[in-house]
2 protein chains.
Amino acid sequence: MKFAKIPMATINRLSIYMRTLQEMLEEDVEVISSERLAKQCGVNPAQIRKDLAYFGEFGVRGVGYRVNDLVVQIKDILGLNRPWNLAMIGVGNLGSALLRHGNFTKHGYIFTAAFDVDPKKVGKRLPNGITVNHVDELEEKIKEKEVLIGLITTPAGEAQGIANQLVLAGINGILNFAPVQIQVPDCCHVENVDFTIKLDSIAYHLSVGS
Amino acid sequence: MKFAKIPMATINRLSIYMRTLQEMLEEDVEVISSERLAKQCGVNPAQIRKDLAYFGEFGVRGVGYRVNDLVVQIKDILGLNRPWNLAMIGVGNLGSALLRHGNFTKHGYIFTAAFDVDPKKVGKRLPNGITVNHVDELEEKIKEKEVLIGLITTPAGEAQGIANQLVLAGINGILNFAPVQIQVPDCCHVENVDFTIKLDSIAYHLSVGS
DNA sequence: TGTTTGATGTGAATTATCTCACATGTTTGT
DNA sequence: ACAAACATGTGAGATAATTCACATCAAACA
Ligand SMILES: NC(=O)c1ccc[n+]([C@@H]2O[C@H](COP(=O)([O-])OP(=O)(O)OC[C@H]3O[C@@H](n4cnc5c(N)ncnc54)[C@H](O)[C@@H]3O)[C@@H](O)[C@H]2O)c1
Ligand SMILES: NC(=O)c1ccc[n+]([C@@H]2O[C@H](COP(=O)([O-])OP(=O)(O)OC[C@H]3O[C@@H](n4cnc5c(N)ncnc54)[C@H](O)[C@@H]3O)[C@@H](O)[C@H]2O)c1
């Protein structure tokens, strides 16, 4: 291990490794080789070893990796050894589905605030116990609840404005579901989820026939 | 332009360019330079020119690109000059939200079939007019309705099984929302949508503080 | 204790992707 | 008709990411 710039792709793969390892834990697998893990994750074994080598030596030569240890290590690397408070902005179709979804909590992501502008939604109590606030209260509530990551599920036209407000409120991690490229200062990290791009990619592959 | 292998990243960016160009069209922008488009999309101008150059010469030197033409060209490249029939497998929380979402149709993706195993859901008529079928009828209905792409929104444990059935039914494009790596033959192209990975990536960036 | 087996960790080679820099062609203005 | 301004298209160079190949160490076993 040496100090080097970590490829973005490595970080994403670490998530996948962790997910797969957690499944294995439930099946009482104690030790795993990079080869087996690689097959399961659909990557090259050397890739896994190299990804991990950016951060340390976690395996035992001739043996493999202890599944449990590796999960702990990867969580440490990714910063998942602590809870992360989330805020949802836009409690519509998609926002509600996400709020209802239990998987986030399981991974340490906790919805602690939700915002909308629709009077029919503001004040409503959600299944997970939180109450929908008006967007006007965004900054106040986000600071009060120590939210660190904002999820944007408003219509596309509103997304940039919401992003601006989030940044002002001190947020520097945004997961954006609206199909627009939002612009933020460097201090803020944005990830986009855009299903249509993925569909376009499938359409392309089917069209060129490979 | 010459014949070369197209980077996957190029295909994904073409989607983004197209989306941005379509917005511009609505604001009556007729011509755009790679520089302006690049800024809007958050990429390097040369990148855009190179991406397009894989497929032809679409611009006018000294002028830029005609927005309308470029949209048409990119659609041609991606295979979006025709409708694509989709099937949704798993009409739960997320599946319903997607089915209700109008944006897909706007881009030429049409839900023509939906499947579930829950007796409470099978037979139900959805807002978009289609009726939920039992998964037992998967192959039959998919062939009948000429579905080309399958969206998996079942619980993770079911995803691989569903993928197998889809492949048997002749599908070779899958958009998988379940948080597992599904294995398919080479003829089938899979794209994964996993929000948790994106959250992990944000958590990492916030943790290392950059 | 020595040998064989097995799987990690990593430098080097390869492959993929991005960016630069400028020649090329277009338009505008004089 | 010519020059100046502009923006594309692209070869070459730089950078990044992946894969190979093997030295290295741990365990098992004779
Ligand atoms: N639903 C999907 O399956 C899906 C799929 C892909 C992308 N998206 C994107 O996700 C976003 C939301 O989609 P949806 O289907 O949930 O739409 P929706 O209309 O059901 O929900 C949007 C919600 O945002 C609220 N809102 C509007 N302006 C707001 C503001 N300024 N501040 C706070 N809240 C505001 C609305 O009141 C509404 O409740 C859209 O950008 C859409 O393109 C959705
Ligand atoms: N809801 C979210 O916001 C969200 C976010 C990220 C990922 N996901 C993933 O998406 C998937 C679905 O999530 P959800 O919240 O909609 O779950 P859900 O339980 O609400 O819906 C799952 C649906 O699949 C159906 N189903 C189960 N087995 C099936 C089978 N063999 N064939 C067909 N249908 C079957 C169930 O009857 C149910 O209707 C899960 O894998 C989940 O991890 C969901």
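The sequence lines fix the lettering, A, B, ..., with proteins before strands; numbering per chain opens at 1.
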Can you find a side chain N or O atom of [X] that sits less than 4.0 Å from OP1 or OP2 on [N]?
X        : N       : result
Tyr65(A) : dA26(D) : no
Tyr54(B) : dA16(C) : no
Arg61(A) : dT5(C)  : no

Are Asp51(B) and Arg13(B) packed together at the side-chain level, in the sense that at least one heavy-atom pair is separated by less than 4.5 angstrom?
yes
Are His189(B) and Ser201(A) close enough that some pair of their side-chain heavy atoms sits under 4.5 Å apart?
yes
To the nearest angstrom, how far is [X] atom [atom1] from [N] atom [atom2]?
X        : N       : atom1 : atom2 : answer
Tyr17(B) : dT8(D)  : OH    : C1'   : 14 Å
Arg13(A) : dA17(D) : CZ    : P     : 9 Å
Phe58(A) : dT10(C) : CZ    : P     : 11 Å
Phe55(B) : dT10(D) : CZ    : P     : 14 Å
Arg66(A) : dA26(D) : CZ    : P     : 16 Å
Glu30(A) : dA7(C)  : CD    : P     : 17 Å
Ile6(B)  : dC18(C) : CD1   : P     : 13 Å
Gln73(A) : dT8(C)  : CD    : P     : 16 Å

Asn192(B) side-chain N/O to Asp194(B) backbone N/O, donor-acceptor pair under 3.5 Å:
no
Decide whether Gln160(A) and Asn164(A) meet the rule of one side-chain donor and one side-chain acceptor closer than 3.5 Å.
yes
Indicate whether the side chain of Asn103(A) and that of Tyr109(A) have a donor and an acceptor atom separated by less than 3.5 Å.
no
If the threshold is 4.0 Å, N to carboxylate O, is there a salt bridge linking Lys39(B) and Glu35(B)?
no
Asp200(B)/Arg19(A) ion pair, N-O < 4.0 Å:
yes
Go nucleotide by nucleotide along DNA chain D from the 5' end; which of Gly62(A) and Ala9(A) gets its closest nucleotide reached first?
Ala9(A)
Less than 6.0 Å separating the ring centroids of His101(A) and Phe104(A)?
yes
From the list dA16(C), dA27(D), dT10(D), which nucleotide is the closest neighbour of the side chain of Val63(A)?
dA27(D)
Parallel, tilted or perpendicular, judged at 30° and 60°: which one describes the rings of Phe177(B) and Phe195(B)?
perpendicular
Contact residues, residues 31-52 of chain A to DNA chain C [heavy atom, < 4.0 Å]
Ser33(A), Ser34(A), Arg49(A), Lys50(A)
Can you pull out how bent the helix from dT1(C)-dA30(D) to dT30(C)-dA1(D) is, comparing the axes over its first five and last five pairs, to 10°?
0°
